[in-house]
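What follows is a short report on a single structure.
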Amino acid sequence: MANTDIKIKETLRSSELEPNFAEEITKHPGGEKLYLCYQCGSCAGGCPVGKITNSYKPRQIIRMALLGIKNEVLSSDSIWLCASCYTCQERCPQEVEIADLMLAIRNIAAKEGHAPKAFVEQATSLIENGRIPKITGLTQRRRTSLGLPELSPAPADVVKKIAAITGFEQLMEKLKEEAKK
Ligand code: SF4
Ligand code: SF4
């Protein structure tokens with residue numbers, strides 16, 4: 001990931017803020033409780049991702065979202081670092097659904113053309129092959145040597161159909177076009 005640190009200007013001008021950003025997030029599933037956050041930091045304190053990198057700070061992302069610092073949040077790869085372990089959701093005294101909130105922010109980011117290349121590649125492989133990793137002959141031989149049964153073919157046609165009906169395939173096409181710019 002190229003840009004995991006969120007860039008924050010020392011001086012913020014009100015004209016650079018997006019006052020409706022927080023409201024927009026609350027309209028997405030998982031984002032509804034955003035306004036309940038009072039910045040206690042319990043989420044960041046227990047976050048296993050935050051323990052191994054300074055690039056991921058859920059409390060900071062939430063604060064920036066509340067302030068309307070939209071472009072910096074959506075264009076940062078930091079929002080994609082959450083591992084959805086739900087530790088923070090167990091601990092938040094305000095019952096903010098932080099893991100789901102990150103998913104809501106990611107959904108907005110993707111719709112606006114922001115997503116890490118690696119995620120788009122994985123999603124494309126899922127749509128085309130029915131699985132994220134391709135199952136090669138080598139994989140099958142290793143499974144056999146370990147006494148594991150051969151993997152049956154993934155239902156690629158079903159996955160592709162679901163991706164088309166839900167708009168996921170079109171979204172990935174859009175993100176691939178964005179990446180070329
Ligand atoms: S634990 Fe909850 S209230 Fe505290 S900073 Fe995180 S989201 Fe906000
Ligand atoms: S769900 Fe995400 S933000 Fe919450 S503790 Fe796990 S990795 Fe950190």
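Positions are given from 1 along the sequence. Bear in mind the structure is a predicted one, so any value in this text is a computation, not a measurement. Both counts, for ligands and for their atoms, begin at 1 and track the order of listing.
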Spell out, as yes or no, whether a donor-acceptor pair under 3.5 Å connects the side chain of T26 to the backbone of E23. yes
Proximal ligand 2 atoms for P48, defined as those under 4.0 Å from one of its heavy atoms: 5 (S)
Taking 2.8 Å as the cut-off, does an N/O/S atom of C47 lie below it from atom 6 (Fe) of ligand 2? no
I98 heavy atoms within 4.0 Å reach ligand 1 at atoms 7 (S)
Tell me which protein heavy atom sits closest to atom 6 (Fe) of ligand 2, plus the residue, atom name and distance to 0.1 Å. C85 SG, 2.3 Å
Give a yes or no answer on whether the side chain of K51 reaches the backbone of G45 with a donor-acceptor pair at less than 3.5 Å. yes
Can you report which non-hydrogen protein atom sits closest to atom 4 (Fe) of ligand 2, along with the distance? C88 SG, 2.2 Å
Does E150 reach the main-chain N or O of T144 with its side chain, forming a donor-acceptor pair under 3.5 Å? no
Distance-only, no hydrogens or angles: does the Q170 side chain make a donor-acceptor pair with backbone N or O of A164 under 3.5 Å? yes
Give the atoms of ligand 2, by number and element, whose distance to some non-hydrogen atom of A83 is under 4.0 Å. 2 (Fe), 7 (S)
Of all the atoms in ligand 2, which lie at a distance below 4.0 Å from a heavy atom belonging to V49? 7 (S)
Is there a donor-acceptor pair closer than 3.5 Å between any side-chain N or O of E32 and the backbone N or O of G30? yes
A99 heavy atoms, cut-off 4.0 Å: which ligand 2 atoms fall inside? 1 (S)
Those atoms of ligand 1 less than 4.0 Å from some heavy atom in C40: 1 (S), 3 (S), 4 (Fe), 5 (S)
So does Q122 get a backbone contact from the side chain of S125, meaning a donor-acceptor N/O pair under 3.5 Å? no
I need the contact type for C43 against ligand 2. Using non-hydrogen atoms and a strict under-4.0 Å cut-off, is it side chain, backbone, both or neither? neither
Going by an N to O cut-off under 4.0 Å, is there a salt bridge joining K160 and E169? yes
Strictly distance-based, threshold 3.5 Å: is any side-chain N or O of T124 a donor or acceptor partner for the main-chain N or O of V120? yes
Just to verify, which of I108, I105, L101 counts as forming a side-chain contact (heavy atoms from CB on, under 4.5 Å) with I79? I105
Students should be able to answer this: which protein heavy-atom is nearest to atom 8 (Fe) of ligand 1, and at what distance? C37 SG, 2.4 Å
Considering the heavy atoms of Y86, write down every atom of ligand 2 situated less than 4.0 Å from one of them. 1 (S), 6 (Fe)
Just which atoms of ligand 1 are under 4.0 Å from any heavy atom in Q39? 5 (S), 8 (Fe)
At a 4.0 Å threshold, what atoms of ligand 1 neighbour a non-hydrogen atom of S42? 1 (S)
Using heavy atoms and a 4.0 Å limit, tell me yes or no: is S84 in contact with ligand 2? yes
Quick one: nearest non-hydrogen protein atom to atom 2 (Fe) of ligand 2, plus distance? C82 SG, 2.3 Å
Residue, atom and distance of the protein heavy atom nearest atom 3 (S) of ligand 1 read Y38 N, 3.6 Å
Applying a 4.0 Å heavy-atom criterion (strictly less than), which segment of I62 is in contact with ligand 1: side chain, backbone, both, or neither? side chain
Counting heavy atoms only, which part of Y56 comes closer than 4.0 Å to ligand 2: side chain, backbone, both or neither? side chain
Do the side-chain N and O atoms of S75 and N71 include a donor-acceptor pair separated by under 3.5 angstrom? no
Go through the steps for E177 and K174 under the test salt bridge (charged side-chain N to carboxylate O under 4.0 Å, His left out), then give the verdict. CA-CA 5 Å; E177 287 304 314; K174 181 183 163 188; over 6 Å; no
Would the distance check show the side chain of R91 and the main-chain N or O of C43 forming a donor-acceptor pair, the cut-off being under 3.5 Å? no
